[in-house]
Protein chains: 2
Amino acid sequence: MASVKVLLEGKDFKLTQARKALLDIFVNSTKPLSYEDIKSTLSMDKATFYRNITKFEEQKIINAIESHDKKRYFEIKAKSHAHFICTTCNSVECIKNGIYVTLKNYTISNVILQGICPTCNLANDKN
Amino acid sequence: MASVKVLLEGKDFKLTQARKALLDIFVNSTKPLSYEDIKSTLSMDKATFYRNITKFEEQKIINAIESHDKKRYFEIKAKSHAHFICTTCNSVECIKNGIYVTLKNYTISNVILQGICPTCNLANDKN
DNA sequence: TCTTAAATGCAACTGAGTCGCATCAAATAG
DNA sequence: CTATTTGATGCGACTCAGTTGCATTTAAGA
């Protein structure tokens, strides 16, 4: 598990309390989080949140995923892996079992799968 | 190429002029389109556009893709194929050379790849 | 042709994300 | 250790894609 200190070392910005707290949440999360998700845990203005996210993206610390609910979800860019977005319940999950896609002349940084997650699939079967 | 008539046959809504014209644009497009993209071609109120898109999605005629620019792009759900979103120029492309991903207990309806497209890759190399 | 239910356009609204600005807190100089 | 500077923060106002309510229009069936 990447520590907050390691992630911030040698980066081109100030190490504020707010940033440490914010990254701490991301480091300890098992799934990508939106501003909505973190604001109950961390009292941070949304302008500050998004400005920090932009900084983190520039420094390649964090990755963004756009979900089906028109919100952006963020996660530590620790190791690249695919994501699954459920079009029924809008949940965003990390898919760890290696999905690797290559395409000539393209640089692929992210793979996103959309469809119906096991939970919603089960719920449908019962009807 | 799927015709507009075939797509609308037996569906649960009225065959208005506006709907035929709208679907005609999607049928003849080689890439997913946003409201911005179609409004210059077709004079249709955005409320009507999005209401029709919702209908088409319910009827499984059309597919939505959220791009990096926070806009939704739509296309005929004719045959399923992967999409590539360039994180540099925000273009959305269809990737026709079969990328098939399966995942146990998941229903996968869409594969989205993010990264840098050949054009932007080339532009970067020149710097 | 008449009726009616659904489709349209307009205007007002929503909500995620952005921007300007005044204040505040890290980092660095003195 | 204090002073200075520069970037970070919070607030409020704003933007813009997408939505909703409502009055009007149009497709479809009687």
Divergence of helical axes at both termini of the helix from C:dT1-D:dA30 to C:dG30-D:dC1 - five pairs an end, 10° steps = 30°

Would you please test A:Ile85 and A:Thr87 for side chain to side chain contact (heavy atoms under 4.5 Å, CB included) and show each step?
-> CA-CA 6 Å; A:Ile85 298 173; A:Thr87 53; 5.5 Å; no

Could you check if a side-chain atom of B:Phe26 sits within less than 4.5 angstrom of a side-chain atom of B:Ile62, using non-hydrogen atoms only?
-> yes

Any ion pair linking A:Glu66 and B:Lys71 (charged N to carboxylate O, less than 4.0 Å)?
-> no

Along DNA chain D (nearest heavy atom to each residue), the more 5'-positioned of A:Lys55 and B:Lys14 = A:Lys55

Among all residues two or more places apart in sequence or in another chain, which pass the side chain to side chain donor-acceptor pair (under 3.5 Å) test with B:Thr107?
-> A:Asn121

Which pair of non-hydrogen atoms, one from A:Phe84 and one from A:Gln114, has the smallest distance, and what is that distance?
-> CE1-C, 4.2 Å

Using the closest heavy atom to pick a nucleotide of DNA chain C for each, name whichever of A:Tyr35 or A:Arg51 lands nearer the 5' end.
-> A:Tyr35

On DNA chain C, reading 5' to 3', which nucleotide is the first and which the last to sit with an atom under 4.0 Å from a heavy atom of chain A, could you check?
-> C:dA16 to C:dA27

For DNA chain D, which nucleotides open and close the run of contacts to chain A, 5' to 3', at under 4.0 angstrom from a non-hydrogen atom?
-> D:dT6 to D:dT19

Pairwise distance SG(B:Cys117) to CG(A:Leu103) - rounded to 0.5 angstrom = 11.5 Å

State which residues pass salt bridge (Lys or Arg N to Asp or Glu O under 4.0 Å) with A:Glu36; sequence neighbours excluded, sorted by chain then number.
-> A:Lys39

Who passes side chain to side chain donor-acceptor pair (under 3.5 Å) against B:Tyr73, sequence neighbours left out?
-> B:Asp69

Measure across B:Val92 and B:Lys31 and return the closest heavy-atom pair with its distance rounded to 0.1 Å.
-> O-CB, 3.9 Å

Identify whether any heavy atom of B:Lys70 sits under 4.0 Å from a base atom; if not, whether one sits that close to sugar-phosphate; answer base, sugar-phosphate or nothing.
-> sugar-phosphate

Non-hydrogen atoms of B:Ile65 and B:Pro32 that approach each other most closely | CD1-CG, 3.7 Å

